[in-house]
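As structure tokens, the structure follows; a few thoughts come after it.
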Amino acid sequence: PIEVPTAVREAARAARRVTVLTGAGMSAESGVPTFRGAKGGLWEEFDPMTLASQRGWDADPDLVWAWYAWRIGLVRALEPNAGHRALARWANGGGVEVRIATQNVDDLHERAGSEVLAHVHGDLFALRCSVCGAPFEDEPEIPAEPVQRLEPPLCGECGEYVRPGVVWFGGMLPEGAFDAALDACLDADLVLVVGTSGIVYPFASLPDIARGHGVTVVEINPEDTDLSSGVDHVWRATAATALPALVEALEADPA
Ligand code: APR
């Protein structure tokens, strides 16, 4: 495993309540493309305002649904990575409370065995009617290959189009999700910020708020981000190499 920076290892050893804030970089090593940052990001090909906004959906639901149907198929075909698994091991190892608040709409944390406190930007798999809001429990048609357009499923209650349970750009966050993430940052003794560019608010404000309350904040990201200058320690490493190394170091030398 890679070397754990001493300051990070010591902060983690002393921690009893750890809150982990994750973004797309957490799932990158599982094969889920990030939105920005790394080259080849999905959104270089797609205009996010078209794809992930109420206006974009209203204008062209077949285009937006095609992209999310592809992402559902993609995530289902992929596996949690060593970073997801390390967080689950840490939480299940006892002695430390590990709470995860994620911007990710995938279910890879859960499939690795973690409980997720909050999906602040929603849940790809929580399909619901775009008009009456009724949950859609059937299996949507998922194309084997990405298609440019695909008609969304129809709501069993009202016949209108079904949409993914993600938060549209500029849309309302799921009730209570941000507050749960905020509370988990305020009463933590360590916050790890993993794999996020720190661009999208209000989620991006959490590290700064935590730090303002005297909580130690560590960023784990191979690249510099908008958050880097405002954290206590920056660990330039990837999620699937840093988190297993950290958890192994803690298991080898518990506090
Ligand atoms: N390990 C850790 N971090 C990584 C890795 C990796 N293997 N690969 C890339 N990263 C980092 C990138 O350096 C970048 O800082 O992950 C970050 C990904 O940033 P974004 O693509 O902007 O993803 P995120 O910050 O989660 O986006 C926030 O924007 O598009 C909306 O709602 C969407 O939730 C998303 C939000």
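Each ligand, and each atom within it, is numbered from 1 in the order the structure gives.
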Do we see a donor-acceptor contact under 3.5 Å between the side chains of T238 and T241?
-> yes

Taking NZ, NE, NH1 and NH2 as the nitrogens, is one of them in R99 or D187 under 4.0 Å from a carboxylate oxygen of the other?
-> yes

Residue selection (non-hydrogen contact nearest atom 6 (C) of ligand 1) among A237, A240, G25 = G25

At under 4.0 Å between heavy atoms, which part of T225 makes contact with ligand 1: side chain, backbone, both or neither?
-> side chain

Taking both backbone and side-chain atoms of A239, is any N or O found less than 3.5 Å from an N or O belonging to ligand 1?
-> yes

Answer side chain, backbone, both or neither: which part of Q103 comes under 4.0 Å from ligand 1, heavy atoms only.
-> both

Kindly determine whether L108 and M26 satisfy side-chain contact (heavy atoms from CB on, under 4.5 Å), including the steps that lead there.
-> CA-CA 9 Å; L108 296 176; M26 182 76 228; over 6 Å; no

Which ligand 1 atoms, with their elements, are less than 4.0 angstrom from a heavy-atom of A24?
-> 23 (O), 24 (P), 26 (O)

Determine yes or no for a side-chain-to-main-chain donor-acceptor pair under 3.5 angstrom, with T225 supplying the side chain and L227 the backbone.
-> yes

Donor-acceptor under 3.5 Å (S27 side chain, S30 main chain) = no

Taking D189 for the side chain and R16 for the main chain, is one N or O donor matched with an acceptor at less than 3.5 Å?
-> yes

Would R236 and E219 pass as an ion pair if we require N to O under 4.0 Å?
-> yes

Which ligand 1 atoms, with their elements, are less than 4.0 angstrom from a heavy-atom of G195?
-> 2 (C), 3 (N), 16 (O), 17 (C), 18 (C)

A student checking ligand 1 against A28 at a 4.0 Å heavy-atom cut-off should list atoms 7 (N), 8 (N)

Distance in Å, D106 CG paired with I72 CD1, rounded so as to fall on 0.5 Å steps = 12.0 Å

Would you tell me which option among N81, N221, L243 has the nearest heavy-atom contact to atom 14 (C) of ligand 1?
-> N221

Any idea which part of T34 is under 4.0 Å from ligand 1, heavy-atom wise: side chain, backbone, both or neither?
-> both

Where the closest heavy atom to atom 25 (O) of ligand 1 is concerned, which of T196, V167, L21, L227 has it?
-> T196

Out of N221, V4, V194, which residue meets the side-chain contact (heavy atoms from CB on, under 4.5 Å) rule with W235?
-> V4

Could you tell me whether the side chains of E10 and H233 share a donor-acceptor contact shorter than 3.5 Å?
-> no

Heavy-atom contacts with G23 under 4.0 Å: which atoms of ligand 1 show up? List them by number with element.
-> 26 (O)

Can you sort out which atoms of ligand 1 are near T238, meaning under 4.0 Å from one of its heavy atoms?
-> 1 (N), 6 (C), 7 (N)

Looking at E29, which atoms of ligand 1 are within less than 4.0 Å of one of its heavy atoms?
-> 1 (N), 6 (C), 7 (N)

Determine, using heavy atoms of V200 and all atoms of ligand 1, whether some pair is separated by less than 4.0 Å.
-> yes

So is H121 polar-close to ligand 1, meaning N/O to N/O under 3.5 Å?
-> yes

